[in-house]
2 protein chains.
Amino acid sequence: MSFSITEENYIKAIFHLQQGEGTVSTNELAAELHTKAASVTDMLKKLKTKKLLSYEKYKGVRLSGEGKKLALAIVRKHRLWEYFLVDTLQFGWDEVHEVAEELEHISSKKLVEKLDAFLGYPKFDPHGDPIPDSHGKMAVQQHINLIDLPVNKPAEVSGVGSQSTELLELLKHKHIGIGTRLEIKRKFSFDNSIEIKLKNQNAFTISQQLAQALFVKLM
Amino acid sequence: MSFSITEENYIKAIFHLQQGEGTVSTNELAAELHTKAASVTDMLKKLKTKKLLSYEKYKGVRLSGEGKKLALAIVRKHRLWEYFLVDTLQFGWDEVHEVAEELEHISSKKLVEKLDAFLGYPKFDPHGDPIPDSHGKMAVQQHINLIDLPVNKPAEVSGVGSQSTELLELLKHKHIGIGTRLEIKRKFSFDNSIEIKLKNQNAFTISQQLAQALFVKLM
DNA sequence: AATTATTTTTAGGTAAATCTAAAAATAATT
DNA sequence: AATTATTTTTAGATTTACCTAAAAATAATT
């Protein structure tokens with residue numbers, strides 16, 4: 001069975017909002033997809049007949065096994081293409097998301113497998129997110145939220161919590177990217193801001209919001 | 001201005017049927033696109049308002065300057081992706097068309113330019129068709145470098161890149177001259193040597209330097 | 001518990017791209 | 001030139017994905 005780009009985008013959005021388990025509401029989906037609740041209801045009925053999800057009126061929605069499988073296949077393509085764009089074509093890691101949103105809908109299975117092999121079966125994309133393998137399995141991220149990093153523990157930035165251009169702009173300005181080495185020097189409980197020190201640089205403070213948007217791995 | 005995949009496919013089909021000059025009929029287009037004449041008429045009206053073509057009722061269509069520009073951009077993407085699939089991902093040259101039909105609609109201009117650079121600005125795709133450059137110019141085919149000849153395409157030696165006695169000595173020894181019929185059986189990326197087969201003879205390999213000094217025309 | 005607020009669904013409509021069937025224009029043939 | 005055949009266009013429907021506005025269900029608050 002094959003699915004339209006729109007259908008695939010719904011499945012992907014539900015997968016992201018579901019995160020592990022739980023149920024997703026119509027309004028949440030409408031917001032995520034920049035559409036209206038009425039449109040979402042229509043599409044959920046349709047996707048239900050295609051057995052990609054379970055849906056009861058007013059009860060929210062969750063992906064079926066089939067739905068999860070499809071979602072993982074799309075995520076796999078998205079992240080492999082991001083890896084390709086950065087690693088092979090020398091894109092900046094902050095400019096690949098939009099392009100990958102288009103490339104993830106290319107249907108050829110053989111293409112995905114050959115691309116994966118060419119890239120050397122990478123396990124994480126340029127934002128630090130794990131790439132599902134051809135069976136849908138992905139590596140567990142030993143990433144912790146920067147806000148939870150203990151003071152004076154050296155760590156390396158390994159992922160970002162969102163792809164918003166606003167966040168990427170701020171990170172660029174602060175010279176923070178995937179792979180940046182840093183440690184926390186102080187935590188201020190007044191506003192939950194933290195003072196961090198990048199390797200070979202002076203310390204500066206960042207907001208709680210920014211810290212929560214960054215993931216690091218201990219070294 | 002941006003165009004739907006369907007619109008792009010119409011423009012591409014008209015471009016192919018037009019071939020150089022001339023006008024394209026509604027029925028020809030319907031056949032090419034596996035659709036019905038009535039649908040074609042509708043779309044032609046629409047594309048006319050977008051100034052991609054000139055169209056008068058019952059008189060057929062031809063692309064405008066803008067239309068040709070768009071067609072060349074799509075052809076460029078199609079052929080670059082085909083080259084990528086064969087050259088980088090090791091697809092067979094006979095299995096890339098369908099995939100390229102999807103990839104040619106990816107919109108990012110930056111992606112196309114970076115892909116072109118990564119591939120080394122190839123001039124011909126794996127089928128021997130010329131790849132338009134970023135300005136829409138493409139090489140004229142009847143005199144291509146042997147190094148750019150696709151595998152298994154019969155060709156005839158039509159020129160040499162130098163008149164040095166060293167080259168001519170080598171050519172004499174290999175029994176290669178103007179008018180010699182040959183085709184490439186394999187390309188070896190290790191040293192860019194190629195295995196060629198002369199008509200009615202066994203195959204043998206020649207160096208990159210020699211291949212670059214020979215021009216052939218497709219037959 | 002009753003009322004108010006929010007969320008979700010239904011009902012009815014629009015735009016894009018397609019279709020079939022019938023009408024109009026052009027081309028071919030006697 | 002008149003008739004027949006072919007091509008092309010119009011007219012009216014269908015499907016997908018979306019919308020607005022109103023109704024129905026659920027949740028929150030007094």
Side-chain angles (χ1 to χ4, degrees), chain A residues 1-18 22-63 67 70-71 74 101-102 104-107, chain B residues 1-18 22-63 67 70-71 74 101-102 104-107:
Chain A
M1 198 180 226
S2 114
F3 306 99
S4 73
I5 290 177
T6 308
E7 289 170 336
E8 290 196 352
N9 283 334
Y10 270 85
I11 294 300
K12 195 177 53 141
I14 297 166
F15 181 79
H16 281 133
L17 293 172
Q18 215 177 262
T23 177
V24 179
S25 79
T26 303
N27 264 358
E28 280 179 278
L29 259 176
E32 176 83 5
L33 292 164
H34 306 108
T35 183
K36 297 299 157 66
S39 308
V40 172
T41 302
D42 285 349
M43 183 58 90
L44 292 183
K45 284 184 196 160
K46 190 177 161 203
L47 293 176
K48 184 183 180 175
T49 72
K50 293 197 172 193
K51 302 196 186 302
L52 291 173
L53 44 80
S54 59
Y55 162 64
E56 297 299 327
K57 273 190 190 181
Y58 298 103
K59 295 280 170 67
V61 65
R62 61 183 4 165
L63 293 181
L70 176 57
I74 300 166
E101 288 285 302
E102 286 186 64
E104 72 189 2
H105 301 294
I106 303 294
S107 60
Chain B
M1 200 180 226
S2 116
F3 306 98
S4 73
I5 289 177
T6 308
E7 288 169 337
E8 290 195 352
N9 283 335
Y10 270 85
I11 293 300
K12 196 176 51 138
I14 297 166
F15 181 79
H16 282 132
L17 293 172
Q18 214 177 262
T23 175
V24 179
S25 79
T26 304
N27 263 0
E28 282 178 275
L29 259 175
E32 175 83 6
L33 292 164
H34 307 107
T35 182
K36 298 298 158 68
S39 310
V40 172
T41 300
D42 285 349
M43 182 58 90
L44 292 183
K45 285 184 196 161
K46 190 178 160 200
L47 293 175
K48 184 184 180 176
T49 71
K50 293 196 172 193
K51 300 195 186 304
L52 291 173
L53 44 80
S54 59
Y55 163 65
E56 297 299 327
K57 274 190 190 182
Y58 298 102
K59 295 280 170 67
V61 283
R62 59 184 6 166
L63 293 181
L70 176 57
I74 300 166
E101 287 285 303
E102 287 186 62
E104 72 189 3
H105 301 293
I106 301 294
S107 61

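So that the names make sense, note that chain A is the first sequence line, chain B the second, and so on, each numbered from 1. As the structure is a prediction and not an experimental result, all values here were calculated from the model.
Here B:Ile74 contributes atom CD1 and B:Glu7 contributes atom CD; the two are 10.0 Å apart, rounded to the nearest 0.5 Å. To the nearest 0.5 Å, atoms CE (A:Met43) and NZ (A:Lys50) are separated by 8.5 Å. Taking CZ from A:Arg62 and OH from A:Tyr55, the interatomic distance works out to 15.0 Å, rounded to the nearest 0.5 Å. In this structure, A:Asn9 CG and A:Leu29 CG are separated by 11.5 Å, a value rounded to the nearest 0.5 Å. Taking CD1 of A:Ile5 as the start and OH of A:Tyr10 as the end, the distance is 14.5 Å to the nearest 0.5 Å. From A:Leu52, atom CG reaches atom CE of A:Met1 across 7.5 Å, with rounding to the nearest 0.5 Å.
Side chain of A:Gln18 to backbone of A:Val24: no donor-acceptor contact under 3.5 angstrom is found.
Between B:Glu101 and B:Lys12 there is a salt bridge, with a side-chain nitrogen of the basic residue lying less than 4.0 Å from a carboxylate oxygen of the acidic one. Under 4.0 Å is where a charged nitrogen must lie from a carboxylate oxygen, and between A:Lys48 and A:Glu56 at least one such pair does.
Rounded to an integer number of Å, the gap from CG of B:Leu29 to P of D:dT7 is 14 Å. The distance from atom CD of A:Glu7 to atom C1' of D:dT16 is 9 Å, rounded to the nearest whole Å.
In this structure, A:Lys59 and B:Lys59 both approach DNA chain D, and ranking their closest nucleotides by distance from the 5' end singles out B:Lys59.
Shortest non-hydrogen contact noted between A:Gly67 and A:Ile11 is O-CG2, 3.6 Å.
For the segment residues 50-58 of chain A, residues with any heavy atom less than 4.0 angstrom from an atom of DNA chain D are, sorted by number, A:Tyr58. Contacts between residues 36-45 of chain A and DNA chain C, counted as heavy-atom distances below 4.0 Å, involve A:Ala37, A:Ala38, A:Thr41, A:Lys45.
At D:dT8, one or more side-chain N or O atoms of B:Asn27 fall inside 4.0 Å of OP1 or OP2 (strictly under the cut-off). One finds no side-chain N or O of A:Thr6 lying less than 4.0 angstrom from the OP1 or OP2 phosphate oxygen of D:dT16. Taking 4.0 angstrom as the limit, B:Thr35 places a side-chain polar atom (N or O) nearer than this to OP1 or OP2 of C:dC19. OP1 or OP2 of C:dA16 has not a single side-chain nitrogen or oxygen of B:Ser4 nearer than 4.0 Å. A close approach under 4.0 Å does not occur between any side-chain nitrogen or oxygen of B:Ser25 and OP1 or OP2 of D:dT7.
In DNA chain D, runs of at least 3 stacked Watson-Crick or G-U pairs (N1-N3 plus N6-O4 or O6-N4, or N1-O2 plus O6-N3, all under 3.5 Å) give these stems: C:1-30 with D:1-30.
Under the 4.5 Å side-chain criterion, counting only non-hydrogen atoms from C-beta, B:Lys45 is not in contact with B:Val40.
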